[in-house]
There are 2 protein chains.
Amino acid sequence: MGSDNGDGNNPAQCRVREVLDLVADKWSLYTVSYLGDGPRRFTELKRGIDGISQRMLTVTLRGLERDGILIRTVYQVMPPHVAYELTPMGKSLLPATAPLIEWTSQHLARIDQAREEYDKRSLAQPLAVAR
Amino acid sequence: MGSDNGDGNNPAQCRVREVLDLVADKWSLYTVSYLGDGPRRFTELKRGIDGISQRMLTVTLRGLERDGILIRTVYQVMPPHVAYELTPMGKSLLPATAPLIEWTSQHLARIDQAREEYDKRSLAQPLAVAR
DNA sequence: CGGAATCCGCGCAGATACTG
DNA sequence: CAGTATCTGCGCGGATTCCG
């Protein structure tokens with residue numbers, strides 16, 4: 001991984017980055033992982049994914065639907081009922097995102113610590129120099 | 001995975017998302033994976049990560065350094081020489097990001113296909129309805 | 001309930017110019 | 001070579017309102 005980057009600027013790498021930009025943003029990652037347990041309704045997602053606005057939830061869900069990662073099902077009743085669930089491709093994404101989410105939660109403390117030290121150093125010395 | 005989200009809005013989830021937002025953006029993911037093979041210099045990274053501007057590379061590298069994911073070593077010579085390499089924590093991040101990058105490159109074609117179909121459908125019918 | 005539409009601020013990120 | 005500094009714009013995303 002990474003060792004296949006010997007070729008400088010190639011279009012394939014650019015495409016990967018483009019899709020990565022969509023699938024690997026905070027909201028998409030969290031939404032997909034949240035749908036891992038099964039279908040959810042709009043309001044469930046909004047309440048479950050904390051900090052997301054209904055606008056960003058809508059935008060995120062539309063993007064994931066467009067990419068074929070989830071499907072949106074509308075039941076024509078009153079009050080409206082809309083269910084979101086992962087497609088097979090979406091489910092295949094789960095084991096790819098899980099390690100990253102797990103890593104993040106496991107390294108929260110160490111990252112906080114590293115930040116504090118970095119900020120302290122930045123105040124003391126303007127630049128760290130090797131000899 | 002995801003099943004631990006039964007509790008609606010909790011501060012821990014918010015923190016995970018916060019760090020995720022930093023570590024899981026396109027530039028950081030690609031930079032870390034690119035450093036997986038060993039130390040690289042600034043210009044090597046700029047040429048290797050296609051589409052990145054020197055400003056975004058600098059910003060990304062600073063953020064990763066601050067989080068303790070890579071270390072920056074300056075050799076005081078002319079011309080200047082700066083090396084970036086992953087810390088142990090940075091290396092532990094590699095196996096967490098690799099699956100996502102691999103998944104993305106493997107599903108590029110199917111995502112493109114899904115988008116085309118979605119865009120075609122959107123033009124035909126204003127809304128898909130379940131019965 | 002599950003959005004769509006609109007308004008709007010501010011922060012991300014590109015472009016350019018300059019330095020040790 | 002490896003940045004920093006400054007300016008700028010435009011798009012992300014929050015808040016609010018309205019609708020089927």
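So you know, we letter chains A, B, ... as the sequences are listed, proteins then strands, and number each from 1.
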B:Ser53 side chain near C:dG14 phosphate (N/O to OP1/OP2, under 4.0 Å): yes
Any B:Tyr84 side-chain nitrogen or oxygen under 4.0 Å from OP1 or OP2 of D:dG3: yes
Specify the separation, in whole Å, of atom CG of A:Leu61 and atom C1' of C:dA4. 14 Å
From C-beta outward on B:Thr43, which listed nucleotide comes closest to its side chain: C:dA4, D:dC1, D:dG3? D:dC1
Which nucleotide in the list D:dG14, C:dG3, D:dA2 gets nearest to the side chain of B:Pro80? D:dA2
Which pairs would a plain distance check flag for residues 84-94 of chain A, meaning a side-chain donor or acceptor within less than 3.5 Å of a matching protein atom at least two apart in sequence or in another chain?
from    : atom 1 : to       : atom 2 : distance (Å)
A:Tyr84 : OH     : A:Arg72  : NE     : 3.3
A:Thr87 : OG1    : A:Gly68  : O      : 2.7
A:Thr87 : OG1    : A:Ile69  : O      : 3.2
A:Thr87 : OG1    : A:Met89  : N      : 3.4
A:Thr87 : OG1    : A:Gly90  : N      : 3.1
A:Ser92 : OG     : A:Met89  : O      : 2.6
A:Ser92 : OG     : B:Trp103 : NE1    : 2.9

Can you tell me if A:Arg72 touches the phosphate of C:dG2, counting only side-chain N or O atoms and a distance under 4.0 Å to OP1 or OP2? no
From CG of A:Leu45 across to P of C:dG3 the rounded distance in Å is 10 Å
A:Arg62 and B:Tyr118 have their tightest heavy-atom pair at CD-OH, 3.6 Å
Of C:dG14, C:dA4, D:dC1, the nucleotide closest to the side chain of B:Arg55 is C:dG14
Where A:Tyr34 and A:Glu44 come nearest, the two heavy atoms and their spacing: OH-O, 4.2 Å
Quickly work out the A:Lys46 NZ to D:dG13 P distance and round it to whole Å. 15 Å
Start with the C-alpha gap between B:Arg41 and B:Val82, add the side-chain angles, then the distance that decides, and say whether side chain to side chain contact (heavy atoms under 4.5 Å, CB included) holds. CA-CA 6 Å; B:Arg41 302 181 56 168; B:Val82 179; over 6 Å; no
If I take atom CD1 in residue A:Ile49 and atom P in nucleotide D:dG13, what distance separates them, rounded to the nearest angstrom? 14 Å
Say you draw a straight line from CZ of B:Arg110 to CG of A:Asp67; how long is it, rounded to the nearest 0.5 Å? 12.0 Å
To the nearest angstrom, the CE-P distance between A:Met56 and D:dG11 comes to 15 Å
Between CD1 of A:Ile52 and P of D:dC12 the distance, given in whole Å, is 15 Å
Whole angstrom value for the distance that separates C1' of C:dC12 from CD of B:Gln54: 15 Å
Using atom CG of B:Leu57 as one end and atom P of C:dA15 as the other, report the distance to the nearest whole Å. 15 Å
Among D:dT16, C:dG2, D:dG13, which nucleotide sits nearest the side chain of A:Arg41? C:dG2
Of A:Asp25 and A:Met78, the one whose closest DNA chain D nucleotide lies more 5': A:Asp25
On DNA chain C, check which nucleotide each of B:Pro79 and B:Val59 is closest to and give me the residue with the more 5' one. B:Val59
Among the nucleotides D:dA2, C:dG14, C:dG3, whichever has the atom closest to the side chain of B:Phe42 is D:dA2
